[in-house]
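Letters go in sequence order (proteins before strands), and every chain restarts at 1. Just so we're clear, the structure is a prediction, and the values are computed from it rather than from any experiment.
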Number of protein chains: 2
Amino acid sequence: MDRERSGLQSAFQGALAGRETVVPVEAVVVPPQPRRADAARNRKSVLEAAARLYAERGVERVTMDDIAAAAGVGKGTLYRGFTDRSGLAMALLDERARALQEAVLEGAAPLGPGAPAPERLGAFVAAYLGFQVDNLDLVLLSESGRGPGARLGKGSYAFYRQHLAWLLQQAGAPDPRTRAEVLLGALAAEQVRHWVVVEGRDLADVERRLVGVARALLG
Amino acid sequence: MDRERSGLQSAFQGALAGRETVVPVEAVVVPPQPRRADAARNRKSVLEAAARLYAERGVERVTMDDIAAAAGVGKGTLYRGFTDRSGLAMALLDERARALQEAVLEGAAPLGPGAPAPERLGAFVAAYLGFQVDNLDLVLLSESGRGPGARLGKGSYAFYRQHLAWLLQQAGAPDPRTRAEVLLGALAAEQVRHWVVVEGRDLADVERRLVGVARALLG
DNA sequence: CCATGGAGCGGACTCTAGTCCGTTTCCCAC
DNA sequence: GTGGGAAACGGACTAGAGTCCGCTCCATGG
């Protein structure tokens, strides 16, 4: 899975480990590079094939064999490049996630720097919720890895947690780290799916309520 | 799955649907009864075999075939009685969950009735956290159903959500329903596992922090 | 411009959850 | 009792994720 973690995430991973003090996120974008030309080519066709098939038929109706066949590679290649089904989903999400992460790091306020922490917090909740809704199936897939522990500790989770913890701390919230994790739990794909898809709630309404929760967590 | 839902949960299911006003939980214990003697016998041996094998080898190392063989029934019987792997886990959890639910409904304060809502809230967080930790593997399994939407809307989730929403409302919290769901998300098995098992945090510490989160959600 | 070693490939194979359907067993009506 | 019909059973079968390992073919260095 290491190869799947974008450079953006890796960069601050070290500063994170076991630290009590919350530090701001610092990051540099360095995408993973296969060492051999054929590997790079295959990686690209797999991602393209997967994106196409998922879009055409929906995530549920595409098997790993389908993807391997469509990409013109063997299953071994698939699994060498992406670890498992959820790893492939993460790779597909990576680009879009990076856009959100950059917006957070250096985009316009209030999502980006410049606005006061409580405002940034609200903007982040809205933006993250939007991201989750726009990519529900893929996020769900990316979190579904076997041997639990799928969502946490994987993917860009650490990035978002760190950012939220930082904002919460800036805003003077007690126990920012835990509250960041709780907030991300409330924004988890399964929860969002339940509210928006299963219960059919209005997205703006969900957003309002979650922003309310975020504010409550400040005190 | 209906057959798996304990009477305790079914009883207030109706009062719940689509209602905006939060009502207190009312419940009666009426366990599911198979119609035929052989079915009842088989159900019992399956549950016993599963409990024994899970205890002996750990949840990960027990397949559905193992359980069927150990119980002396065919796979068809297994799936007729329990829908799927996670349904079996839920059935195993049911008895223990019922104990917690009864303690909430009619046990001693502060978990049971009698104490002021904020105190009951803290007691519930502690009790529920304890339950999750004591039954981590089974709860994880019971939440792992395929086609997402495993945790929510299944099992005793509705019961706990309702209870929490009620307490939050009594304590004057805004948007009690959403906040109940957020709190349950923070207490979800995967999250608890991450804190307690993966990060090795002290249970009492996690409890304290979560009680803090619960209090924050009151305001 | 080869040679070579190791990264990368492919697809047959394994393992397990979950389905299907012909057969058995129970229970009730008579 | 006993006969009929439905509920329940069992185990062969299907499907799809993930593994394994012998073969291929890049890229480097002589």
Side-chain angles (χ1 to χ4, degrees), chain A residues 1-4 32-47 49-50 53-54 57-91 140-148 150, chain B residues 1-4 32-47 49-50 53-54 57-92 138 140-148 150:
Chain A
M1 275 322 314
D2 268 346
R3 300 264 311 294
E4 291 316 315
Q33 290 294 344
R35 280 105 180 90
R36 258 170 61 173
D38 52 351
R41 213 181 313 126
N42 282 332
R43 183 183 177 84
K44 189 156 162 274
S45 33
V46 166
L47 287 173
L53 289 177
Y54 283 154
R57 298 189 215 162
V59 165
E60 292 296 314
R61 298 186 178 250
V62 179
T63 70
M64 293 301 267
D65 294 80
D66 291 341
I67 295 171
V73 305
K75 278 189 89 178
T77 305
L78 213 53
Y79 281 94
R80 158 167 280 269
F82 300 96
T83 308
D84 61 12
R85 208 163 125 82
S86 72
L88 177 52
M90 267 184 42
L140 242 10
L141 185 54
S142 80
E143 289 177 0
S144 77
R146 71 177 182 179
Chain B
M1 273 325 312
D2 268 346
R3 299 264 313 294
E4 292 316 315
Q33 289 295 342
R35 279 106 184 87
R36 259 170 62 170
D38 52 349
R41 212 181 315 126
N42 281 333
R43 183 184 177 84
K44 190 157 163 272
S45 36
V46 166
L47 286 172
L53 289 178
Y54 284 154
R57 299 189 214 163
V59 166
E60 292 296 314
R61 298 184 180 250
V62 179
T63 70
M64 293 301 266
D65 293 82
D66 291 340
I67 295 172
V73 305
K75 281 190 87 180
T77 303
L78 213 55
Y79 281 95
R80 157 167 283 269
F82 300 96
T83 309
D84 61 12
R85 209 163 125 83
S86 72
L88 177 52
M90 267 183 44
L92 285 169
L138 270 186
L140 243 11
L141 186 54
S142 80
E143 290 177 359
S144 77
R146 70 177 181 177

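- For Asn42(B) and dA8(D), the shortest distance from a side-chain N or O to OP1 or OP2 is not below 4.0 Å.
- The residue among Asp65(A) and Thr77(A) whose nearest nucleotide of DNA chain C lies closer to the 5′ end is Thr77(A).
- Under the salt bridge (charged side-chain N to carboxylate O under 4.0 Å, His left out) criterion, Arg36(A) pairs with Asp38(A), sequence neighbours left out.
- Closest approach of Val59(B) and Arg85(B) over heavy atoms only: O-NH2, 4.0 Å.
- Partners of Ala50(B) under the side chain to side chain contact (heavy atoms under 4.5 Å, CB included) rule, at least two apart in sequence or in another chain, are Tyr54(B), Ile67(B), Leu88(B), Leu92(B).
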Can you tabulate the close N/O pairs, meaning under 3.5 Å, that link protein atoms to atoms of nucleotides 27-30 of chain D?
{"residue": "dA27(D)", "atom": "OP1", "partner": "Ala37(A)", "partner atom": "N", "Å": "2.9"}

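- No side-chain heavy atom of Phe82(B) sits less than 4.5 Å from a side-chain heavy atom of Met90(B).
- Look at CE on Met64(B): it is 10 Å from P on dT19(C), rounded to the nearest Å.
- Rounded to an integer number of Å, the gap from Lys44(A) NZ to dC9(C) P is 15 Å.
- For the salt bridge (charged side-chain N to carboxylate O under 4.0 Å, His left out) test, residues two or more places apart in sequence or in another chain that qualify with Arg57(B) are Asp66(B).
- Heavy atoms of Thr63(A) sit under 4.0 angstrom from primed sugar atoms or phosphate atoms, though from no base atom.
- Shown for residues 68-76 of chain A: residues whose heavy atoms fall under 4.0 angstrom of DNA chain C, namely Val73(A), Gly74(A), Lys75(A), Gly76(A).
- The heavy-atom pair separating Gly58(B) from Val62(B) by the smallest distance is O-CG2, 3.5 Å.
- Considering all non-hydrogen atoms of both residues, Ala71(A) and Ser45(A) come closest at CB-O, 3.7 Å.
- The nearest whole Å value for the distance from the CZ atom in Phe82(A) to the P atom in dG8(C) is 13 Å.
- Smallest separation of non-hydrogen atoms from Lys75(A) and Asp65(A): CD-OD2, 3.3 Å.
- Counting to the nearest Å, the P atom of dG16(D) and the CG atom of Leu141(A) are 15 Å from each other.
- Annotation for Leu141(A) and Ser86(A): closest pair O-CB, 3.3 Å, computed over non-hydrogen atoms.
- The distance between atom CG of Leu88(B) and atom C1' of dA17(C), rounded to the nearest whole Å, is 13 Å.
- As rounded to whole Å, 14 Å separates atom P of dA15(D) from atom CZ of Arg61(A).
- Spacing between atom OH of Tyr79(B) and atom P of dC21(C) amounts to 18 Å, rounded to whole angstrom units.
- Put simply, CD1 on Ile67(B) is 11 Å from P on dG18(C), counting in whole angstrom units.
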